[in-house]
Engineer: 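I have a structure I would like to understand better, so I am pasting it below and will then ask my questions one at a time.
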2 protein chains.
Amino acid sequence: MGKRATILDVAKKAGVSKSTVSLVLQNSSLVKQQTRDQVTAAMETLGYVYNRSAAGLRGAASGLIGLIINDLRNPFFTEFAASAQMCFARQGYSTVIANTDEKPDIQAQVIDSMIEHGVSAFVISPTYGGEDRPFDRIERAGIPTMQVLRQVDERTDLFPFASHDYTAGGRLAGEHLIAQGCRKIAFVGGIEDRPITLERMSGYHEAMTAGGLAPQAFYGRPSRAFGRDIALHLAKEHRDIEAAICFSDLVALGMLSGFAEAGIRAGRDFRIVGFDDIEESSIAYPRLSSVRCDSALFGQNAAEAMLAWITAGKRPPDQKRYDVDLVTRQSSLWEERDV
Amino acid sequence: MGKRATILDVAKKAGVSKSTVSLVLQNSSLVKQQTRDQVTAAMETLGYVYNRSAAGLRGAASGLIGLIINDLRNPFFTEFAASAQMCFARQGYSTVIANTDEKPDIQAQVIDSMIEHGVSAFVISPTYGGEDRPFDRIERAGIPTMQVLRQVDERTDLFPFASHDYTAGGRLAGEHLIAQGCRKIAFVGGIEDRPITLERMSGYHEAMTAGGLAPQAFYGRPSRAFGRDIALHLAKEHRDIEAAICFSDLVALGMLSGFAEAGIRAGRDFRIVGFDDIEESSIAYPRLSSVRCDSALFGQNAAEAMLAWITAGKRPPDQKRYDVDLVTRQSSLWEERDV
DNA sequence: CTGAAAGCGCTTACAG
DNA sequence: CTGAAAGCGCTTACAG
């Protein structure tokens, strides 16, 4: 295989100095086109590949973005991560991704490791819990960092936060179900007292209060399995409840499955609205109504915000909430023509 | 924020030479415990972080693994990627992940970029198609590389291939449905003529031939949407077909949804077996029978094989097929007690 | 067990 | 527009 070619080899081949080669690499306008072409040709024939370690040592940006996700298996986060990664890739940035699986110690380890690798920026959907403040290491390293989807560090002036306007989403869902004539509407899923749960519920509370109705919550893991279980539970013990706003589509899809099992017709006997609008929701049966938080778009927005920060120095605002909207489908407004 | 501490600072603080600090970093046994402790303490108080760029320049392994996935949004691959990444992380390796979205040009770009970053190894679930052989750049760079789940380069002596024993899985599924008394059994989903489709079908063909039955295939994208559409199609045009083996669980889950919509009771009126056994299958309604290809375990196995290669020089075998088994659930063997 | 020295492949002022 | 020189923070023989 031989040794990898260096800029010195390229310089010799092209008949210029190595500084010139370096300048070509930076796309500097100091080099005239003809020289540039010679150098490029030499790189081509030598099979030269840029050595980023060497560049990094001398102070150049690594072109590596650290993307840390609390639960990469959840399609909501997968979609976000994949979209952000592809947006970074289009701009020539590579993305180091790590799944922390909601474990603070893994998150701490992964952050340290990425700092060692010299990531130019962090985008983190963090894990809750853990002893010390997880971002302190990052702060010391002075690496631009955005927290997304979950805010765990209050210093948003240091670590700007971006998420969806969940409160508005919960309100839209609540108002919609009330407009459908539902009175007993439950909120299903989400870990009690977590910020996201509180946000998603707060809009629901507002809508219920405005309608003079009493809210009611069934907390639990935001998983299909929980949704299924709660549907079976409601079918047995709470036949009075007419509708549910779910913490996430995963929960809602699980409820769809559970109601099917219990012989209850979702959309008719029981109305359901999910949260997130993942791809599956639009083809489930019945089609699932959901508060759309466009993950793909959000991933792209977050990536672009970060790129603007590290390339143009434009720090994102401390807090940014992206709009959501309600997509109504069969599960909350069955009509005969849908059959 | 000040400048980041270097080994020189640590050495001064600990009252040793910088070589000693470096040795401590390598966990060398040449340094006695007391010295090691002093150095470690100095690193602690200085907030020293290891600079991998510098180390990489001097020839040390980067500790970076390149993981390239053709479709990161598909839970089958997400599960694999997340599991492999976490396995690498446990051994102190960071993982650069890229989703190629089945696009050969993105794959080529991503490979180049990762080579620049000096990844120590590649694990690739490649994209089909594209002009030139995508692995040639890797070969020149001499980076250990495994192709997983899809074989696109015939040189498995250079790029060992690991996957599941799909043929056996198809056979198990076929034999099972025949044993259930089905005669007209279709194969649904998968792009025609792709190696994986051929593998998954071949076992089905074997089983059908052995049973004196005629195979029949409906090709298509391995998505929920396709499964839903084909179920609606079968319900209208092919009421004679009694059962289906699906290319993937995604297709099978889509069929479940489509049959529910068409008023056909999956598991009773029509039997279905999926492929992959993703998490959702065990809680879908009806519970989906599936050929289990344990993605999480496979991801771990692949990661461990790669780690053995780069740390102990043990190259994986040219071809490795991991066993699969059939998990039978309601969708293929409904019985009254299941109700 | 520890220290002094060279060098990995780049980038960055500084001259010319 | 291009060249010579220094140096980024490590690792690696080589002495001691």
Side-chain angles (χ1 to χ4, degrees), chain A residues 1-40 42-43 46-64 113 115-120 141-142, chain B residues 1-40 42-43 46-64 113 115-120 141-142:
Chain A
M1 221 136 282
K3 302 215 55 62
R4 269 162 62 158
T6 75
I7 57 167
L8 219 90
D9 302 317
V10 175
K12 203 177 300 170
K13 183 95 183 171
V16 300
S17 88
K18 69 179 169 136
S19 315
T20 307
V21 177
S22 180
L23 257 16
V24 171
L25 253 15
Q26 327 286 311
N27 255 308
S28 162
S29 56
L30 294 172
V31 186
K32 79 171 161 208
Q33 191 58 43
Q34 197 197 336
T35 314
R36 182 185 304 279
D37 291 343
Q38 284 170 37
V39 172
T40 313
M43 294 197 294
L46 260 39
Y48 169 77
V49 319
Y50 185 60
N51 183 332
R52 278 181 189 269
S53 288
L57 187 50
R58 204 62 192 77
S62 69
L64 266 187
S113 165
I115 294 176
E116 285 188 5
H117 281 292
V119 295
S120 300
Chain B
M1 223 137 285
K3 303 213 56 60
R4 267 160 64 155
T6 75
I7 57 168
L8 219 89
D9 302 316
V10 175
K12 201 175 302 169
K13 183 98 185 169
V16 300
S17 89
K18 70 180 168 138
S19 316
T20 307
V21 177
S22 180
L23 256 16
V24 170
L25 253 16
Q26 326 286 310
N27 253 308
S28 163
S29 56
L30 293 172
V31 186
K32 78 171 163 210
Q33 192 57 44
Q34 198 198 335
T35 314
R36 182 184 305 278
D37 292 343
Q38 283 170 37
V39 172
T40 313
M43 294 197 294
L46 260 40
Y48 170 77
V49 318
Y50 186 60
N51 183 332
R52 278 181 189 269
S53 288
L57 187 50
R58 204 61 192 76
S62 69
L64 266 188
S113 163
I115 293 176
E116 285 188 5
H117 279 292
V119 295
S120 299

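Each chain gets a letter, A, B and so on, in the order the sequences are listed, and its residues count up from 1.
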Engineer: Give the stems involving DNA chain D, where a stem is 3 or more consecutive Watson-Crick or G-U wobble pairs (i with j, i+1 with j-1, and so on) under 3.5 Å.
Structural biologist: C:1-3 with D:14-16, C:5-12 with D:5-12, C:14-16 with D:1-3
Engineer: Could you tell me how far apart A/Lys12 (NZ) and D/dA4 (P) are, to the nearest whole angstrom?
Structural biologist: 13 Å
Engineer: Here's a test for you: under side chain to side chain contact (heavy atoms under 4.5 Å, CB included), which of B/Leu25, B/Leu23, B/Asp37 qualifies with B/Val31?
Structural biologist: B/Leu23
Engineer: Collect all protein-nucleotide pairs involving nucleotides 10-13 of chain C in which both atoms are nitrogen or oxygen and the distance is under 3.5 Å.
Structural biologist:
unit_1, atom_1, unit_2, atom_2, d
C/dC10, OP1, A/Tyr48, OH, 2.9
C/dC10, OP2, A/Ile7, N, 2.9
C/dC10, O5', A/Tyr48, OH, 3.4
C/dC10, N4, A/Lys18, NZ, 2.6
C/dT11, OP1, A/Gln26, NE2, 2.6
C/dT11, OP1, A/Tyr50, OH, 2.7
C/dT11, OP2, A/Ser22, OG, 2.3
C/dT11, OP2, A/Gln26, NE2, 3.2
C/dT11, O2, A/Arg58, NE, 3.1
C/dT11, O4, A/Lys18, NZ, 3.4

Engineer: Please report the closest heavy-atom contact between B/Ser62 and B/Ser120, naming both atoms and the distance.
Structural biologist: OG-OG, 3.1 Å
Engineer: Provide, to the nearest angstrom, the distance between the CG atom belonging to B/Leu30 and the C1' atom belonging to D/dA15.
Structural biologist: 14 Å
Engineer: What integer distance in Å separates A/Lys32:NZ from D/dT2:C1'?
Structural biologist: 10 Å
Engineer: Whole Å only: how far is the CZ atom of A/Arg36 from the C1' atom of D/dT2?
Structural biologist: 14 Å
Engineer: So B/Asn27 and B/Arg36, do their side chains get closer than 4.5 Å, heavy atoms only?
Structural biologist: yes
Engineer: Rounded to whole Å, please give me the gap between CZ in B/Arg52 and C1' in D/dC8.
Structural biologist: 18 Å
Engineer: Side chain to side chain contact (heavy atoms under 4.5 Å, CB included) with B/Val49: which residues, sequence neighbours excluded?
Structural biologist: A/Ile115, B/Arg4
Engineer: Give the rounded distance in Å between these two atoms: CE of B/Met43 and C1' of D/dG9.
Structural biologist: 15 Å
Engineer: Could you pull out the closest heavy-atom pair between B/Ser53 and A/Leu57, with the gap in Å?
Structural biologist: CB-N, 4.0 Å
Engineer: What residues, two or more places apart in sequence or in another chain, satisfy side-chain hydrogen bond (donor to acceptor under 3.5 Å, both in side chains) together with A/Ser22?
Structural biologist: none
Engineer: Run the side chain to side chain contact (heavy atoms under 4.5 Å, CB included) test against A/Leu46 and tell me which residues pass, sequence neighbours left out.
Structural biologist: A/Ala5, A/Asp9, A/Val10, A/Lys13
Engineer: Measure from CD on B/Gln33 to C1' on C/dC1 and round the result to the nearest Å.
Structural biologist: 13 Å
Engineer: Return no unless some side-chain N or O of A/Thr20 is found under 4.0 Å from OP1 or OP2 of D/dC1.
Structural biologist: no
Engineer: For B/Thr35, report the nucleic acid contact type (base, sugar-phosphate, nothing); a contact means any heavy atom under 4.0 Å.
Structural biologist: sugar-phosphate
Engineer: Do you know which two heavy atoms are closest between A/Tyr48 and A/Ile7, and how far apart they sit?
Structural biologist: OH-CG2, 3.4 Å
Engineer: B/Glu116: which residues meet the side-chain hydrogen bond (donor to acceptor under 3.5 Å, both in side chains) condition with it, sequence neighbours left out?
Structural biologist: A/Arg52
